[in-house]
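Before any comments, here is the structure.
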Amino acid sequence: MPELPEVETVLRGLAPHMEGRRIVSARISGKRLRFPWPENFAARLEGARITALTRRAKYMLWRLDNGFSVLSHLGMSGRFTVFPGAGGKVRALGEFYFHDAAGREAGPHDHLILSLDDQTRVIYTDPRRFGFFDLLDTRELSAHPMLRNLGPEPLGPRFTPAHLAGAFHGRRAPVKTALLDQKTAAGLGNIYVCEALFRARISPRRRAASLAPSGGVTKRIERLAEAIREVLREAIAAGGSTLRDHARVNGESGGFQQHFSVYGREGEACDVCARPIRRIVQSGRSTFFCSHCQK
DNA sequence: CGGGACTCCTGCCAGC
DNA sequence: TGCTGGCAGGAGTCCC
């Protein structure tokens, strides 16, 4: 699921419910996600006040007032759901394997239940368990191995055509692959890379270096940088894209999948030239594009 | 060093 | 209807 717009959507959904609130209880399933749960994770959350929620690339950060920060990643199928106030039952349930502080059952794919001081409950669900949580000293945040090597935020001031040209210079990989590299643009994933390349009319198969032959900015590079920002802004405005798992924290779907030009549209007519959209595999991932419009 | 293959895990869907 | 194989939004690691 989650690329930058989906994480941003989740963050904006969570922030009004979580910022300023104290965590009364934290319960974990104990089932291993991508990594084992940090030592004393739940205990260090309990009693802490959440002072700020922020995002970096596809990571979410919760700053706590006890000197710790939570780092979370949704993996492929992670979602957060908010139950404001006292709330009722969690959801229709199959098998149960852990309980929240009030003894209510969690679903089989629920892994974290937070109860906040206004009785709001926040539940993290992740069937594929590719997501993870880490807990670290807030002062050491930027040194975290997952955050240390990230490139600029594509919607931030450091993401410029010059940066993109530098990232592509001498790079033999296809531009599609280079854009998935989080050092190039932190937070891009398969969907938005395909969509941005279509908008910029650049073939995903073209070698990255060919867009910046001398390492300098070109028209294509400028077009691509703008296309990336544009598609991300529009996707955020639509609440992200829901293929299967992504949901807003109130359970509603995102809406941007309605606006895909190429992603998931193999064989359908290109909106511009009406020729069929093609699907190829690059680095083991599906790429969708129009070979007539994208050169 | 760059880049591709492989890995973690479950659910879903197409095809037989 | 029911099974099987392939595929899925991520990203670190290993190996050439």
Side-chain angles (χ1 to χ4, degrees), chain A residues 1-10 29-37 55-60 71-80 94-95 97 107-111 124-134 144-151 166-197 204-210 231-232 235-236 238-248 253-260 262-267 279-288:
Chain A
M1 156 193 68
E3 303 182 28
L4 187 156
E6 289 73 37
V7 179
E8 182 68 25
T9 297
V10 170
S29 65
K31 210 161 179 180
R32 183 196 159 101
L33 302 183
R34 176 160 187 182
F35 305 112
W37 289 88
R55 180 190 59 73
R56 174 77 172 105
K58 300 168 193 170
Y59 299 89
M60 195 161 32
L71 177 69
S72 96
H73 192 289
L74 299 168
M76 298 275 263
S77 60
R79 73 161 65 169
F80 282 94
E95 51 180 300
Y97 60 81
H109 300 302
D110 294 341
H111 299 289
Y124 177 74
T125 309
D126 188 356
R128 285 179 78 181
R129 287 158 48 206
F130 282 5
F132 70 87
F133 289 86
D134 203 355
H144 193 281
M146 303 283 189
L147 303 179
R148 202 172 40 200
N149 298 316
L150 292 172
F168 286 169
H169 184 54
R171 192 94 187 249
R172 296 170 54 82
V175 60
K176 158 79 184 307
T177 308
L179 285 173
L180 285 175
D181 184 336
Q182 298 296 293
K183 288 195 280 296
T184 306
L188 284 185
N190 210 30
I191 293 176
Y192 299 107
V193 165
C194 291
E195 293 296 316
L197 285 170
R205 297 188 287 196
R206 177 183 273 279
R207 287 182 184 223
S210 76
V231 74
L232 293 176
I236 291 169
S241 302
T242 297
L243 300 187
R244 183 166 299 139
D245 298 306
H246 168 64
R248 313 170 80 124
S253 291
F256 193 70
Q257 65 282 4
Q258 310 287 339
H259 302 285
F260 289 167
V262 288
Y263 188 85
R265 293 186 51 186
E266 181 183 16
R279 173 183 175 270
I280 59 173
V281 174
Q282 295 178 291
S283 309
R285 324 266 319 261
S286 288
T287 299
F288 299 90

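Note that the coordinates shown come from a computational prediction; the quantities given were computed from them, not determined experimentally.
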[Y] and [X] side chains, donor-acceptor separation under 3.5 Å:
X	Y	answer
A:Q257	A:T242	no
A:D126	A:H109	no
A:R248	A:T9	no

Spacing of [X] atom [atom1] relative to [N] atom [atom2], expressed in whole Å:
X	N	atom1	atom2	answer
A:D126	B:dC9	CG	C1'	9 Å
A:M76	C:dA11	CE	P	10 Å
A:N149	C:dG10	CG	P	18 Å
A:L147	C:dA11	CG	P	11 Å
A:E266	B:dA14	CD	P	13 Å
A:F130	C:dC7	CZ	C1'	12 Å
A:R285	C:dG6	CZ	C1'	16 Å
A:R148	C:dA11	CZ	C1'	15 Å

Item to check | P atoms of C:dC7 and B:dA5, separation to the nearest Å | outcome: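 The same atom, P, in both gives a distance of 14 Å.
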Item to check | Same-atom distance (P) from B:dC9 to C:dC3, integer angstrom | outcome: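 It works out to 24 Å between them.
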Item to check | Interatomic spacing from CG in A:D134 to NE2 in A:H144 - rounded to 0.5 Å | outcome: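 If I round to the nearest 0.5 Å, the distance is 4.0 Å.
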Checklist entry - Would a distance-only check, ignoring hydrogens and angles, find a side-chain to backbone donor-acceptor pair under 3.5 Å from A:H73 to A:F133? => result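 No, because the side chain of A:H73 does not come within donor-acceptor range (under 3.5 Å) of the backbone of A:F133.
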Next on the checklist: Donor-acceptor pair, distance only, cut-off 3.5 Å: does the side chain of A:S77 make one with the backbone of A:R128?
Outcome noted: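 Confirmed, A:S77 side chain pairs with A:R128 backbone.
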Next on the checklist: Both A:S283 and A:R34 contact DNA chain B. Which one's nearest nucleotide lies toward the 5' end?
Outcome noted: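 Here A:S283 is the residue nearer the 5' end.
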Checklist entry - Dot-bracket for DNA chain C, 5' to 3', with Watson-Crick and G-U pairs under 3.5 Å, [ ] for crossing pairs and | for other-strand pairs: what is it? => result .|||||||.|||||||
Checklist entry - Does the base of C:dA8 carry an N or O that pairs as donor and acceptor with the side chain of A:R128 under 3.5 Å? => result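 Result: at least one qualifying N/O pair found.
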Item to check | Any N/O donor-acceptor pair, A:R129 side-chain to B:dC9 base, under 3.5 Å | outcome: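 No, the side chain and the base share no sub-3.5 Å donor-acceptor pair.
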Checklist entry - Hey, does the side chain of A:H73 come within less than 4.0 Å of C:dA11's phosphate (OP1/OP2), counting only N and O? => result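 For C:dA11, OP1/OP2 do have a side-chain N/O of A:H73 under 4.0 Å.
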Next on the checklist: With a cut-off of less than 4.0 Å, is there a side-chain N or O of A:H109 near OP1 or OP2 of B:dG11?
Outcome noted: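 The answer is yes; a side-chain N or O of A:H109 sits under 4.0 Å from OP1 or OP2.
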Please work out if [X] contacts a base, only the sugar-phosphate, or nothing of the nucleic acid, heavy-atom cut-off 4.0 Å.
X	answer
A:R171	sugar-phosphate
A:F256	nothing
A:Y59	sugar-phosphate
A:R32	nothing

Checklist entry - Sequence neighbours excluded, which residues qualify as ring-ring contact (aromatic ring centres under 6.0 Å, His included) partners of A:Y263? => result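 By the ring-ring contact (aromatic ring centres under 6.0 Å, His included) rule, A:Y263 matches A:F260, A:F288.
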Between [options], spot the one nearest the side chain of [X], thanks.
X	options	result
A:N190	B:dG4, C:dA8, C:dG10	C:dG10
A:M146	C:dG12, B:dC9, C:dA8	C:dG12
A:Q182	C:dG10, C:dA11, B:dC12	C:dA11
A:R172	B:dG3, C:dA8, B:dT10	B:dG3

Item to check | Working for salt bridge (charged side-chain N to carboxylate O under 4.0 Å, His left out), residues A:R171 and A:D181 | outcome: CA-CA 12 Å; A:R171 192 94 187 249; A:D181 184 336; 3.1 Å; yes
